[in-house]
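Written below as structure tokens is the structure these notes are about.
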Amino acid sequence: MVEPWKAASPRVVWGVAGLLRAVSDALNARFAVCTVQGEISGFTRAASGHSYFSLKDAEGEAGLLRCAMFRRAGAYLDFTPGDGQLVELRGRLALYEPRGELQFIVESMRRAGAGALYEQFLRLKAKLEAEGLFEPSVKRALPRFPRRIGVITSTAGAALHDVLTALRRRAPQVEVLVYPSPVQGAEAPPALVRALNLAKARAAVEGLDLLLLCRGGGSLEDLWAFNDERVVRAVAGSILPVVCGVGHETDVTLCDLAADLRAPTPTAAAELAAPPRAVELDRLRALASALQRRMDQRLDQAAQRLDRAGLLLARPSAALAQQRRRLALLEQRWGQALPRRVERQQQTLAQLAQRQQRASGALMARQDLLLSSLQARLQALDPKRVLARGYAWLDDGQGRALASVGQLHAGQQVNAVLADGEASLEVLGTRMGS
């Protein structure tokens with residue numbers, strides 16, 4: 001009998017390496033460049049800069065594709081990949097022949113789904129930030145001791161239970177009013193806006209001190225209602241301080257940025273909203289003790305003063321004698337102080353008189369010296385001293401000075417002023433100097 005596997009024709013027997021090369025060639029021919037979408041799992045980055053991870057099916061179906069992204073491709077990423085992220089990979093299928101494993105060589109990676117939402121998140125954030133909705137200067141301080149707190153969240157979620165548990169444990173005296181609203185899905189944004197407006201309208205009547213806007217963790221899509229522009233504006237426009245506790249510590253929504261205070265979790269929001277009752281009671285007890293000690297001290301001081309006053313009243317003669325001794329001492333001090341004061345004033349007057357006399361003499365000497373200097377300068381400028389050296393001063397007989405030959409002509413009568421008198425002269429002729 002011929003065995004079935006021997007009856008096959010033609011008979012081809014592959015070596016392991018040859019078969020793997022053939023499969024690799026077939027993959028390269030069939031899937032030269034392709035794009036695949038999935039969820040990152042087990043992301044690691046080696047010391048060489050290469051990254052290795054697996055890609056899971058985004059719809060939850062069974063399927064896992066090992067991926068390798070070399071350092072060159074990773075250098076062009078505009079985000080940090082991490083487990084759970086939905087991404088689109090572009091690259092090629094290849095066979096890692098040493099282990100016979102199928103892998104995807106990543107040439108480029110970009111966010112998918114959540115990535116588009118994240119870009120929308122950034123655009124809206126920039127728009128609202130430019131309007132000033134996130135300015136720290138518009139944030140309001142929370143009331144230190146709230147009496148009634150409004151909570152906006154879903155009644156079906158764990159966030160409400162966490163908030164109520166935290167408040168019951170820390171501040172059981174605080175009343176809680178719940179404004180139910182869905183926190184996920186298309187109906188969540190308008191419902192959240194209605195809840196915020198309802199709390200705003202009833203704030204005065206119901207005596208609300210602040211609001212907690214809460215929701216448990218989830219993906220970016222799950223938390224998207226808290227990035228809706230309508231909800232963000234309603235939070236910013238609330239007349240009550242708002243504490244936003246949405247998601248986990250790493251989750252940040254636009255409502256977190258618009259609220260007066262961001263809490264990392266719903267439980268943290270409750271803890272930030274109300275101080276622990278036990279701590280405040282301890283503080284009150286400490287203040288009461290300090291007040292009691294202070295009152296005891298004041299009463300002791302008053303009692304001592306009363307005792308001293310009682311002793312004085314019991315012996316008035318002793319008080320009068322003390323006052324007489326005090327008056328006598330003051331009189332003695334006054335009698336000694338007055339002559340000493342008069343003596344000091346007389347010494348001061350004598351010193352001032354001496355200083356005045358010295359200052360007057362110095363001033364007169366300076367004035368005499370100045371007068372002598374001015375007199376010498378005046379004498380040096382006296383025109384009569386010039387005439388005494390043989391010069392004469394000519395005028396036209398009417399007091400106008402003649403200083404040039406051009407002002408003279410033959411037969412003209414002129415007046416000459418000499419050192420000891422005047423003379424009338426007649427011009428016989430003129431001659432210009434060289």
Side-chain angles (χ1 to χ4, degrees), residues 33-94 96 99 101-126 128-129 134 157-159 162 183-185 188 214-228 232 244-257 259 262-269:
V33 177
C34 60
T35 302
V36 61
Q37 177 176 296
E39 185 178 313
I40 294 177
S41 174
F43 185 90
T44 59
R45 191 187 302 275
S48 61
H50 306 325
S51 301
Y52 303 95
F53 57 93
S54 297
L55 199 66
K56 297 191 299 185
D57 191 83
E59 303 298 329
E61 296 185 15
L64 195 69
L65 179 62
R66 296 190 62 82
C67 302
M69 181 172 61
F70 300 124
R71 182 174 58 185
R72 177 184 55 80
Y76 294 101
L77 291 178
D78 59 355
F79 69 102
T80 302
D83 289 358
Q85 290 182 346
L86 187 65
V87 294
E88 283 187 4
L89 307 180
R90 183 172 176 81
R92 56 186 176 82
L93 279 173
Y96 185 59
R99 288 202 297 266
E101 292 181 352
L102 182 69
Q103 64 178 1
F104 192 82
I105 306 302
V106 180
E107 296 295 336
S108 65
M109 176 192 296
R110 70 182 184 92
R111 297 185 186 92
L117 283 178
Y118 186 69
E119 292 176 1
Q120 184 179 345
F121 170 90
L122 293 178
R123 287 195 299 270
L124 182 56
K125 177 178 180 290
L128 299 179
E129 193 169 22
F134 307 148
D162 294 342
V183 291
Q184 184 174 338
C214 300
R215 196 225 122 98
S219 64
L220 184 59
E221 295 92 335
D222 296 337
L223 305 179
W224 192 250
F226 297 90
N227 293 320
D228 188 280
V232 178
C244 189
V246 175
H248 301 303
E249 283 194 43
T250 56
D251 298 322
V252 179
T253 67
L254 296 180
C255 282
D256 289 320
L257 303 179
R262 174 189 178 263
T265 63
T267 300

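Keep in mind it's a predicted model, so treat the numbers as computed, not measured. For the single chain, residues carry numbers from 1 onward in sequence order.
- Closest of all the heavy-atom pairs between H50 and S48 is CD2-OG, 3.2 Å.
- Here the shortest heavy-atom pairing between A159 and P266 reads CB-CG, 3.9 Å.
- How far CG of L65 is from CD of Q103: 9.0 Å, rounded to the nearest 0.5 Å.
- The backbone N or O of L254 sits less than 3.5 Å from a side-chain atom of N227, completing a donor-acceptor pair.
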Please step through side chain to side chain contact (heavy atoms under 4.5 Å, CB included) for the pair V246 and C255, ending with a clear verdict. CA-CA 9 Å; V246 175; C255 282; 5.5 Å; no
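- In this structure, the separation between CZ on F53 and CE on M109 is 3.5 Å, given to the nearest 0.5 Å.
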For a side chain to side chain contact (heavy atoms under 4.5 Å, CB included) check, start with the C-alpha distance between R215 and D222, then their side-chain angles and the critical distance, and finish with the verdict. CA-CA 10 Å; R215 196 225 122 98; D222 296 337; 3.9 Å; yes
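- Shown are V106, V87, L64; of these, the side chain to side chain contact (heavy atoms under 4.5 Å, CB included) with L55 is made only by V87.
- A distance-only check finds no donor-acceptor pair linking the side chain of S41 to the backbone of S54 [under 3.5 Å].
- Separating the CG atom in L86 from the CD atom in Q37 is a distance of 4.5 Å, to the nearest 0.5 Å.
- Side-chain contact between R262 and V252 is present, with heavy atoms from C-beta onward closer than 4.5 Å.
- Considering CD of E39 and CG of D57, their distance stands at 10.0 Å, rounded to 0.5 Å.
- In this structure, CE in M69 is found 6.0 Å from CZ in R45, a value given to the nearest 0.5 Å.
- When all heavy atoms are compared, the tightest approach of C214 to V183 is O-CG1, 4.0 Å.
- Between V232 and L257, the closest side-chain pair of non-hydrogen atoms is not below 4.5 Å.
- Shown here are the ring-ring contact (aromatic ring centres under 6.0 Å, His included) partners of Y96, two or more places apart in sequence or in another chain: there are none.
- When side chains are defined from C-beta on, D256 does not count as touching F226, because their heavy atoms never get closer than 4.5 Å.
- The minimum heavy-atom distance linking I105 with A94 is given by the pair CG1-CB, 4.0 Å.
- Between R90 and E107, no side-chain nitrogen of the basic residue sits less than 4.0 Å from a carboxylate oxygen of the acidic one, so the salt-bridge criterion is not met.
- Note that CZ of F104 is 15.0 Å distant from CZ of R66, once rounded to the nearest 0.5 Å.
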